[in-house]
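First comes the structure, then the notes that go with it.
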Amino acid sequence: MVTKAEKKHYDKLAQIGCVLCKHLGYGETPAHIHHIRKLGMKRSNADVIPLCSEHHLGKTGVHGLGRKAFESTYGLTEDDLLLTYCS
Ligand SMILES: [Zn+2]
Ligand SMILES: [Zn+2]
């Protein structure tokens with residue numbers, strides 16, 4: 001279930017474009033919404049970041065690499081991206 005407020009928030013984030021592409025200097029890339037999952041925590045409205053299909057589901061993406069490899073590959077965490085680009 002996505003509430004109206006969430007939908008609005010997601011639309012706004014999607015318009016930012018992929019935050020990893022941004023970080024890497026690739027410019028604006030159309031993005032999906034990725035939910036950051038935290039152990040033992042409820043999913044909240046704020047814990048989503050926009051990622052392009054490659055950086056989301058591709059081999060070099062957060063799901064393809066897994067969180068640990070993602071962090072060592074790019075030298076940052078999903079939370080860093082959230083705080084830097086989405087707040
Ligand atoms: Zn990207
Ligand atoms: Zn995802």
Side-chain angles (χ1 to χ4, degrees):
M1 264 288 282
V2 178
T3 66
K4 250 191 176 165
E6 276 174 339
K7 176 88 170 52
K8 221 173 147 187
H9 183 62
Y10 293 175
D11 285 349
K12 212 173 96 194
L13 286 177
Q15 275 169 21
I16 297 173
C18 173
V19 286
L20 192 53
C21 283
K22 226 174 215 199
H23 178 76
L24 298 171
Y26 297 164
E28 277 180 35
T29 322
H32 302 167
I33 293 298
H34 167 67
H35 286 91
I36 300 174
R37 278 167 228 272
K38 291 199 181 87
L39 281 176
M41 272 180 78
K42 259 195 168 171
R43 228 161 75 164
S44 84
N45 199 11
D47 295 336
V48 293
I49 53 174
L51 291 170
C52 66
S53 56
E54 177 58 30
H55 288 142
H56 187 211
L57 302 169
K59 275 203 202 84
T60 63
V62 63
H63 292 290
L65 287 169
R67 178 176 289 174
K68 255 208 167 128
F70 180 87
E71 287 179 16
S72 60
T73 301
Y74 298 109
L76 45 70
T77 64
E78 296 162 293
D79 279 319
D80 292 333
L81 291 168
L82 179 73
L83 289 172
T84 307
Y85 297 102
C86 308
S87 51

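Atoms within each ligand, like the ligands themselves, are counted from 1 in listed order.
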Indicate whether any N or O donor in one side chain lies under 3.5 Å from an N or O acceptor in the other, for H34 and H63.
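A donor-acceptor contact under 3.5 Å links the two side chains.
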In H55, what N, O or S atom is nearest to the Zn ion (ligand 1), if we give its atom name?
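Within H55, restricted to N, O or S, the Zn ion (ligand 1) is closest to atom ND1.
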Heteroatom test (N, O or S) for C52 near the Zn ion (ligand 1), limit 2.8 Å
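Here the distance criterion (N, O or S atom, under 2.8 Å) is met by C52, so yes.
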Polar side-chain atom of S72 near backbone of A69 as donor-acceptor pair, under 3.5 Å:
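Yes, because the side chain of S72 sits within donor-acceptor range (under 3.5 Å) of the backbone of A69.
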Hey, which N, O or S atom on H34 ends up closest to the Zn ion (ligand 2)?
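Nearest N/O/S atom of H34: ND1.
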Please name the atom of H56, limited to N, O or S, that comes nearest to the Zn ion (ligand 2).
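Per the distance ranking, H56 contributes NE2 as its closest N/O/S atom to the Zn ion (ligand 2).
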Near the Zn ion (ligand 2), is there an N/O/S atom from H35 that is less than 2.8 Å away?
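Checking the Zn ion (ligand 2) against H35, no N, O or S atom falls under 2.8 Å.
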Answer yes or no: is there a side-chain heavy-atom contact under 4.5 Å between I49 and L13?
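The answer is no, as the side chains (C-beta and beyond) never meet within the 4.5 Å cut-off.
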Could you tell me the separation between the CG atom of L65 and the CD atom of E71, rounded to the nearest 0.5 Å?
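Here the interatomic distance stands at 11.0 Å.
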Using the benzene-type ring in the case of Trp, are the ring centres of H35 and Y10 under 6.0 Å apart?
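Yes; Y10 has its ring centre under 6.0 Å from that of H35.
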At the Zn ion (ligand 1), what is the angle formed between atom SG of C18 and atom SG of C21, rounded to the nearest 10°?
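For SG of C18 and SG of C21, the angle centred on the Zn ion (ligand 1) reads 110°.
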